[in-house]
Amino acid sequence: MTSEHPFPSPVRVRFAPSPTGTLHVGSARTALYNYLFARHLQGSFVLRIEDTDAARSTPEFERSILDDVAWLGLDWDEGPDRGGDFGPYRQSERSAAGLYLSYAGRLLDENKAYHCFCSQERLEKLKQECLARNEMPKYDHRCGAISSDEAESRLAAGEPATIRFRVSDGDIAVDDLIHGRTAFPAGVIGDFIIVRSDGAPSYNFAVVVDDIDMEITHVIRGEDHLTNTARQLLVYAALAKEPPAFAHHSLIMGPDGGKLSKRHGATSAGDFRQLGYLPAAIINYLALLSWSPPSQREQLSKAEMIKDFEIRRVARSPAIFDLQKLNWLNGLYIRDLDHEAFHRAIEPFLGAAREFASEGQLAVAEQAIQTSLVALAGAREQLAAFFDQRPLAEAKESVELVDAGSERVLELALLRIAALNSAAEFNAAGATEEIEAARLMLSELKRQCRQEKIPPKQMFRTLRIALTGRASGPELPFLLAGLAREAVRQRLEEAREFAAARLRGKV
RNA sequence: GCCCCCAUCGUCUAGUGGCCUAGGACACCGCCCUUUCAAGGCGGCGGCGGGGAUUCGAAUUCCCCUGGGGGCACCA
């Protein structure tokens with residue numbers, strides 16, 4: 001059914017957001033599917049701004065959306081910011097250029113559309129009556145009977161009017177690349193407005209005109225548009241234009257099965273950006289929501305997705321957004337970063353932590369946390385072991401220091417402090433070397449402890465608690481190297497005094 | 001209410017009539033590694049919503065039910 005649908009080359013698809021909010025993950029996935037489809041077939045990916053709703057659209061949202069799409073790595077070939085042969089790419093500008101009105105005029109001339117003078121009140125009443133009769137609300141045709149002469153004179157008199165599309169009889173079938181054929185019975189849709197009383201085109205009209213003018217070959221969008229497609233097909237027919245191929249993908253649900261919304265937590269691309277999710281992880285996750293590659297692999301680069309993407313491999317059923325799986329993928333991508341790339345990625349999330357560290361110390365700390373991060377924004381908390389030392393008196397774990405063996409561990413460690421460099425003595429390039437030095441120091445210390453019958457476990461725990469006031473955190477070699485000689489000495493000495501004072505009953 | 005879509009482990013999915021006593025991934029549980037927490041390795045738990053029909057044979061085809069979702073604007 002759908003598999004043998006021809007894909008004319010070159011293919012042209014578009015992502016057409018409305019700048020009335022930020023980029024939602026659902027829209028991001030729509031953009032992604034369009035992008036992958038276009039790149040897979042070496043076609044064009046067009047970005048169009050649907051801002052005919054002047055009341056809700058803002059330039060800020062438009063910029064924010066473009067920004068997020070770019071951040072996700074979905075580069076477009078044509079768009080409002082970069083032009084193209086089919087512009088303008090903003091509906092407000094296209095409207096100002098009279099593009100829609102000329103098409104509407106044609107429909108009016110051919111009696112395929114008519115002026116409607118009904119008031120909002122009457123329309124509302126009509127709707128209620130339909131509902132009361134258990135019918136699907138639809139316009140009753142009233143103004144369709146007005147003669148063009150009468151319409152002209154009422155228009156001339158300044159009476160406000162919309163332009164309605166005259167819906168013809170007959171079933172409407174939508175051939176969908178994902179769903180196959182779905183038919184809408186005749187009569188379920190009434191004459192709909194194509195031009196509002198303020199002269200702006202309505203969605204179902206503007207989309208068709210734009211897709212025709214921009215020579216869009218495939219429309220890939222959310223399933224919430226399926227019923228709109230029936231209306232749009234009618235407009236194509238009235239304009240005597242061949243419609244593009246359609247593919248309606250399923251919607252993303254929240255964990256409770258309901259529509260994904262703010263109450264489910266982060267839902268916009270920007271939210272995830274702020275939390276420190278990598279674009280590669282997000283598009284990878286979003287692609288896997290509904291789509292699966294023949295290889296069944298889970299971690300896929302953009303290039304691999306482009307290579308394998310096929311619209312027919314997109315599942316039909318709705319998908320629940322699973323943050324845990326996104327977290328897993330994000331962790332994979334974070335761990336895949338080399339030291340420099342990780343440094344660049346984590347930098348914006350460091351906050352105050354950055355000021356406390358020398359370049360070398362920071363590099364060590366970064367290596368320490370890279371394997372355990374789920375999202376970059378978790379860095380500050382993980383870095384706490386280095387930068388926010390918890391006073392021993394406040395840490396319940398510190399009782400473990402009050403022990404002859406522990407006191408001895410601290411003494412021995414202090415004697416080996418020279419193995420560590422001073423904070424100023426190493427830079428980012430020397431970080432790995434410094435960690436190795438700390439590792440060596442620890443193994444020597446361990447050997448000595450063994451000789452003195454102090455269990456290694458006690459040694460490691462003692463040092464960890466002495467250095468951080470906590471029982472868990474980064475591995476000790478990272479801690480020692482990251483803190484560097486001065487801080488290590490200071491904390492060790494404090495701990496020794498703490499232990500000594502309590503051991504001898506002075507506190 | 002009316003119209004449309006959807007239905008495989010808790011979640012995302014593979015599966016297009018026999019290769020399925022249904023495969024993978026996340027999550028969960030256990031074990032290993034180990035100085036902690038992670039990471040990593042190994043293993044385990046767990047599913048075709050229900051009922052009919054077609055067929056030698058149905059997760060796969062058809063019908064009904066149930067459940068979920070979407071649409072029904074001078075929003076997109």
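Excluded from the calculations below are hydrogen atoms, water molecules and symmetry mates; all remaining heavy atoms, backbone and side chain alike, are included. Here is the naming used below: chain letters follow the sequence lines, and residue numbers restart at 1 for every chain.
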Could you tell me whether A:Ala183 contacts a base, only the sugar-phosphate backbone, or nothing, with contacts defined as non-hydrogen atoms closer than 4.0 Å? sugar-phosphate
Would you say a side-chain N or O of A:Arg439 is under 4.0 Å from OP1 or OP2 of B:U35? no
Expressed in whole Å, how much space separates the C1' atoms belonging to B:C26 and B:C45? 15 Å
Does A:Glu50 reach a base, just sugar-phosphate, or nothing at all? Heavy atoms under 4.0 Å. sugar-phosphate
Taking any heavy-atom pair under 4.0 Å as a contact, classify A:Thr52: base, sugar-phosphate, or nothing. sugar-phosphate
If we only count heavy atoms from C-beta on, is the A:Ile193 to A:Phe165 side-chain gap below 4.5 Å? no
For a quick check of understanding: with a heavy-atom distance under 4.0 Å over all strands, which category does A:Arg464 fall into, base, sugar-phosphate or nothing? base
Have a look at A:Asn228 and say if it touches a base, only the backbone sugar-phosphate, or nothing, with a 4.0 Å heavy-atom cut-off. base
Between A:Arg496 and A:Glu407, does at least one N-O distance fall below 4.0 Å, as a salt bridge requires? no
Residue whose nearest RNA chain B nucleotide is more 5′ - A:Ser119 or A:Pro185: A:Pro185
Would you say a side-chain N or O of A:Ser290 is under 4.0 Å from OP1 or OP2 of B:U13? yes
For B:G1, give the paired nucleotide (Watson-Crick: N1-N3 plus N6-O4 or O6-N4; G-U: N1-O2 and O6-N3; both under 3.5 Å), or none. B:C72
Counting the atoms with a prime plus P, OP1 and OP2 as sugar-phosphate, which does A:Gln120 contact under 4.0 Å by heavy atoms, base, sugar-phosphate, or nothing? base
May I ask which nucleotide in the shown strands pairs with B:A7, Watson-Crick or G-U wobble, both distances under 3.5 Å? B:U66
When rounded to whole Å, the CD1 to C1' distance for the pair A:Ile178 and B:A7 reads 17 Å
Do A:Phe387 and A:Arg380 have side-chain heavy atoms sitting under 4.5 Å apart? no
Among B:U11, B:G1, B:A76, the nucleotide that comes nearest once only the side chain of A:Leu131 is considered: B:G1
When the ring centroid of A:Phe15 is compared with that of A:Tyr33, is the distance short of 6.0 Å? no
A:Gln324 vs A:Ser472, nearer the 5' end of RNA chain B by closest nucleotide: A:Gln324
Could you please name the option among B:C72, B:A76, B:C3 that lies closest to any side-chain atom of A:Pro137? B:C72
Under 4.0 Å from OP1 or OP2 of B:A14: is there any side-chain N or O of A:Ser292 that close? yes
Starting at atom CD1 of A:Ile369, determine the distance to atom C1' of B:U36, rounded to an integer number of angstrom. 17 Å
Considering every strand and a 4.0 Å limit on heavy-atom distances, what is the contact class for A:Lys259: base, sugar-phosphate, or nothing? sugar-phosphate
Under 3.5 Å, is there any donor-acceptor pair linking the side chain of A:Thr227 to the base of B:C72? no
So, is A:Arg313 near the phosphate of B:U16, with a side-chain N or O under 4.0 Å from OP1 or OP2? no
Taking the same atom, P, in B:U16 and in B:U60, what whole-Å distance lies between them? 13 Å
Heavy atoms of A:Ile189 and A:Val167 approach each other most closely as O-CG1, 3.7 Å
Could you check whether A:Pro19 gets within reach of a base, just the sugar-phosphate, or nothing at all, counting any heavy atom under 4.0 Å? nothing
Using a 4.0 Å heavy-atom cut-off, does A:Gly473 contact any base of the nucleic acid, only the sugar-phosphate backbone, or nothing at all? base
Candidates B:A76, B:A7, B:C12 - which lies nearest the side chain of A:Ser317: B:A7
Say you pick atom C1' in B:U21 and the same atom in B:A58; how far apart are they, in whole Å? 15 Å
Do A:Glu124 and A:Gln128 have a side chain donor and acceptor closer than 3.5 Å? yes
Find the distance A:Leu329:CG to B:G24:C1' and express it as a whole number of Å. 14 Å
Cationic N near anionic O, under 4.0 Å, A:Asp213 to A:Arg94: yes
Could you tell me whether A:Met459 contacts a base, only the sugar-phosphate backbone, or nothing, with contacts defined as non-hydrogen atoms closer than 4.0 Å? nothing
Rounding to a whole Å, what distance do you find between A:Gln91:CD and B:C75:C1'? 12 Å
Quick check on B:G40: is either OP1 or OP2 less than 4.0 Å from any side-chain nitrogen or oxygen of A:Thr371? no
Could you give the distance separating B:G10 and B:C28 at their P atoms, to the nearest angstrom? 16 Å
Euclidean distance for C1', B:G17 against B:U11 (whole angstrom): 29 Å
Ignoring the backbone of A:Arg335, work out which of B:C4, B:C74, B:A39 is nearest its side chain. B:A39
Please give the distance between the P atoms of B:C31 and B:G47 as a whole number of Å. 24 Å
Length of the CG-P vector between A:Asn204 and B:A76, whole Å: 9 Å
Please check the phosphate of B:G70 (OP1 and OP2 only) for any side-chain N or O of A:His225 closer than 4.0 Å. no
Inter-nucleotide C1' distance (B:G69, B:A22), Å rounded: 26 Å
What nucleotide among B:C74, B:A76, B:A25 has an atom nearest to a side-chain atom of A:Ile193? B:C74
Quantified in whole Å, what is the C1' atom distance between nucleotide B:G50 and nucleotide B:G41? 42 Å
With a 6.0 Å cut-off on ring centres, are A:Tyr236 and A:Tyr103 close enough? no
What about A:Asp224, does its side chain sit under 3.5 Å from the base of B:A76 through a donor-acceptor pair? no
Need one value for A:Gln458: base, sugar-phosphate or nothing, where a base atom within 4.0 Å counts as base even if backbone is also close, heavy atoms only. nothing
Which atom names give the shortest non-hydrogen contact between A:Pro80 and A:Leu66, and what distance separates them? CG-CD2, 4.3 Å
Remember a base hit wins even if backbone is also touched, and classify A:Cys449 as base, sugar-phosphate or nothing at under 4.0 Å, heavy atoms. nothing
Contact summary for A:Ala385 and A:Pro474, nearest pair of heavy atoms: CB-CD, 3.7 Å
Out of B:C4, B:G71, B:C12, whichever nucleotide has its closest atom nearest the side chain of A:Met136: B:G71
Rounding to a whole Å, what distance do you find between A:His248:NE2 and B:G69:P? 20 Å
Phosphate OP1/OP2 of B:G69: any A:Arg316 side-chain N/O under 4.0 Å: no
Separation of B:A38 atom P from A:Leu332 atom CG, nearest Å, is 17 Å
Could you tell me how far apart A:Glu223 (CD) and B:G69 (P) are, to the nearest whole angstrom? 13 Å
Is there aromatic stacking of A:Trp328 on B:C26 here, judged by a ring-centre distance under 5.5 Å and a plane angle under 30°? no
